[in-house]
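Working notes for the structure below.
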Amino acid sequence: MEVGYQKPEYSEDDWSWEIRPIVDKKIGKTYLSFNPTFEKSLHGLNSNKGFIFSPNFKASYDLLKVAAVGMEYYGSLGNLFRFDPYSQQQHQLFAVTDLNISPDWEFNIGYGWGLTSASDQPIIKLIVGYRIKPSSGK
């Protein structure tokens, strides 16, 4: 779950709430995940709308112990109980590479393209992750 703020220059909704359960499975060298996201604007242009449903999928394959390649899908279908017309929905595909360069750091980089006119065209994404390890209490 995430509550976030963005400056109004970057988003028509400055405060938002996101519920993002993650269902994933590793089968040998293949990784599969499904992230059905439920988003709600708390303040801004869309704050009067209900939850927006955004399904997300990932499939990747480990090429090396520290590198995987795959595809990711991100969608935004509209109101959970009344989807938007297809032309207003966002559907994006990304070709991605995951790098786990150390036990502490991970990188995900991808090139994506939109499948509808409402989607971003084209886009590059980079996620840098740092793994926080629980302290041993010593």
Side-chain angles (χ1 to χ4, degrees):
M1 191 174 315
E2 175 182 302
V3 174
Y5 172 79
Q6 294 185 59
K7 290 182 178 182
E9 298 86 38
Y10 299 105
S11 176
E12 56 195 18
D13 300 304
D14 52 1
W15 282 99
S16 61
W17 177 27
E18 182 179 283
I19 302 168
R20 180 186 291 267
I22 300 172
V23 179
D24 65 347
K25 180 74 176 169
K26 182 88 172 179
I27 305 166
K29 292 184 171 194
T30 302
Y31 174 75
L32 303 169
S33 74
F34 173 54
N35 306 46
T37 305
F38 306 92
E39 305 165 354
K40 172 78 176 99
S41 169
L42 300 175
H43 183 262
L45 185 63
N46 298 298
S47 61
N48 63 338
K49 293 183 179 178
F51 279 89
I52 303 299
F53 180 59
S54 299
N56 306 293
F57 301 93
K58 178 175 184 159
S60 66
Y61 184 80
D62 294 339
L63 292 178
L64 304 167
K65 200 171 195 174
V66 298
V69 295
M71 295 296 293
E72 295 178 0
Y73 163 82
Y74 297 92
S76 182
L77 305 183
N79 188 289
L80 181 58
F81 299 107
R82 188 181 28 83
F83 291 163
D84 292 337
Y86 184 79
S87 63
Q88 295 174 15
Q89 295 177 10
Q90 295 180 25
H91 298 278
Q92 293 178 296
L93 284 178
F94 283 82
V96 297
T97 300
D98 296 309
L99 300 172
N100 293 293
I101 61 169
S102 79
D104 297 327
W105 291 96
E106 63 182 329
F107 295 87
N108 169 277
I109 188 166
Y111 177 82
W113 53 96
L115 304 177
T116 63
S117 59
S119 304
D120 290 331
Q121 304 284 336
I123 188 168
I124 295 174
K125 74 176 191 108
L126 171 67
I127 298 172
V128 178
Y130 178 75
R131 296 181 183 98
I132 299 172
K133 297 180 182 118
S135 95
S136 62
K138 295 181 182 180

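The ring pair (Phe, Tyr, Trp, His ring centres under 6.0 Å) pairs that include a residue from residues 100-125 are Trp105-Tyr130, where partners are two or more places apart or lie in different chains.
Under the side-chain contact (heavy atoms from CB on, under 4.5 Å) criterion, Ile27 pairs with Lys25, Leu32, not counting sequence neighbours. Residues satisfying the ring pair (Phe, Tyr, Trp, His ring centres under 6.0 Å) criterion with Tyr74, sequence neighbours excluded, are Phe94. Shown here are the side-chain contact (heavy atoms from CB on, under 4.5 Å) partners of Phe81, two or more places apart in sequence or in another chain: Asn79. With sequence neighbours left out, the ring pair (Phe, Tyr, Trp, His ring centres under 6.0 Å) criterion links Tyr86 to His91. Partners of Tyr61 by ring pair (Phe, Tyr, Trp, His ring centres under 6.0 Å), not counting sequence neighbours: none found. For Asp98, the salt bridge (charged side-chain N to carboxylate O under 4.0 Å, His left out) partners two or more places apart in sequence, or in a different chain, are Lys58. For Gln6, the side-chain contact (heavy atoms from CB on, under 4.5 Å) partners at least two apart in sequence or on another chain are Tyr10, Ser11. Take Glu106 and apply the salt bridge (charged side-chain N to carboxylate O under 4.0 Å, His left out) test, not counting sequence neighbours, and it matches Arg131. For the salt bridge (charged side-chain N to carboxylate O under 4.0 Å, His left out) test, no residue two or more places apart in sequence or in another chain qualifies with Asp84. Evaluation of the side-chain contact (heavy atoms from CB on, under 4.5 Å) rule for Ser119 yields Gln90, Gln92, Thr116, Gln121 as partners, not counting sequence neighbours. Under the side-chain hydrogen bond (donor to acceptor under 3.5 Å, both in side chains) criterion, Asp13 pairs with Ser41, Asn46, not counting sequence neighbours.
Of the N and O atoms on the side chains of Lys125 and Asn108, at least one donor lies less than 3.5 Å from an acceptor on the other residue.
Across all non-hydrogen atoms, the minimal contact from Asn48 to Leu45 is OD1-O, 3.8 Å. For the pair Gly75 and Asn56, the tightest heavy-atom approach, listed with the atom from each and the gap, is N-OD1, 3.7 Å. Looking at every heavy atom in both residues, Ala118 comes nearest to Gln88 through CB-O, 3.7 Å.
Counting heavy atoms from C-beta on, the side chains of Asn100 and Lys65 never come closer than 4.5 Å. With a 4.5 Å cut-off on side-chain heavy atoms, Asp24 and Lys26 do not count as touching.
Atom CD1 in Ile22 sits 4.5 Å away from atom CG in Asn35 (nearest 0.5 Å). Note that the CD atom of Gln89 and the OG atom of Ser76 stand 8.0 Å from one another [nearest 0.5 Å]. The NZ atom of Lys7 lies 12.5 Å from the CG atom of Asp14; values are rounded to the nearest 0.5 Å. For the atom pair CZ (Phe51) and CD (Glu39), the distance works out to 10.0 Å, reported to the nearest 0.5 Å.
At a threshold of 4.5 Å between side-chain heavy atoms, the hydrophobic network of Ile, Leu, Val, Met, Phe, Trp and Tyr places Val128 and Ile132 in one connected group. Cluster annotation: Tyr5 is connected to Leu42 through the hydrophobic network of ILVMFWY side chains, with a link wherever side-chain heavy atoms come within less than 4.5 Å.
Lys29 places no side-chain N or O within 3.5 Å of a backbone atom of Ser60 that could act as its donor or acceptor partner.
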